[in-house]
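Worth saying up front: this structure is predicted, and the values here are computed from it rather than measured.
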Amino acid sequence: MGQQVSGTTLGIVGMGRIGYEIAKRAVGFEMKVLYHNRHRKSAEEEERVGATYVPTLAGLLGESDYVVLAAPATGDTHHMMSREQFAAMKPTGVFVNISRGTLVDQDALAEALRGGVISAAGLDVTDPEPLPRDHTLLSLPNLTLTPHTGSATLPTRQAMVQMTVDNIKAVLQGQPMVNEVALPSL
């Protein structure tokens, strides 16, 4: 039997572009939306999706039935989900990682799933990708693992190509790139 999401609480960790899109969809399922982010959204953005800012990750984890990790991979976010964070979740909680595998301590996740600390998890990403065939996560019945294919639709791939073209045009015209990613100095 599956679980009903209507009337439950969704906690989004990382309320950037993708996290915000998730919040918009959760409204259609009549979910209460909480989020934790480095920077709080404006009151208008929060109101648009009915999202409530939670200043601490632990606070969000303890209140959420479902936790979706949509944060960027940085030095600060490496293993941001570990034993302590899984222990802060509800025992009935479901954890979903759609960001990057390095944000999750996979050994701690396996322990949490085996020990009933949380009820289930879904991973769209792992570290490494793919996982070795003998990795303990692959043997857990309360884990769903998918390849990182959220962008595998024709419209999304066409938009990605257009973004690339727009960036190339901007550079050739001496303009800043439309979607520039600034790397930290080493």
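For Q4, the side chain to side chain contact (heavy atoms under 4.5 Å, CB included) partners two or more places apart in sequence, or in a different chain, are S6. Not a single salt bridge (charged side-chain N to carboxylate O under 4.0 Å, His left out) links K169 to another residue, sequence neighbours left out. A search for side chain to side chain contact (heavy atoms under 4.5 Å, CB included) contacts involving T153 returns P155, T156, not counting sequence neighbours. A search for side chain to side chain contact (heavy atoms under 4.5 Å, CB included) contacts involving A170 returns Q175, not counting sequence neighbours. Here D124 pairs with nothing under the salt bridge (charged side-chain N to carboxylate O under 4.0 Å, His left out) rule; sequence neighbours left out. Under the rule for a side chain to side chain contact (heavy atoms under 4.5 Å, CB included), the partners of R38 that lie at least two apart in sequence or sit in another chain are P72. Every residue was checked against the ring-ring contact (aromatic ring centres under 6.0 Å, His included) condition with F29, not counting sequence neighbours, and none meets it. Scored by the salt bridge (charged side-chain N to carboxylate O under 4.0 Å, His left out) test, E111 finds R83 as partners (sequence neighbours excluded). Taking E63 as the reference, nothing meets the salt bridge (charged side-chain N to carboxylate O under 4.0 Å, His left out) condition, with sequence neighbours excluded.
Considering V49, T9, I12 as possible partners of V33, the one that fulfils the side-chain contact (heavy atoms from CB on, under 4.5 Å) test is I12.
The ring-ring contact (aromatic ring centres under 6.0 Å, His included) contacts involving residues 52-73 comprise Y35-Y53, where partners must be two or more places apart or lie in separate chains. Judged as a salt bridge (Lys or Arg N to Asp or Glu O under 4.0 Å), the pairs with a partner in residues 11-33 (not counting sequence neighbours) are, in order, E21-K24, E21-R25. Residue pairs that meet the side-chain hydrogen bond (donor to acceptor under 3.5 Å, both in side chains) test with at least one member in residues 129-144, sequence neighbours left out, are R114-T136.
Summarising the geometry of V104 relative to H79, their closest heavy-atom pair is O-CD2, 3.5 Å, with the distance given to 0.1 Å.
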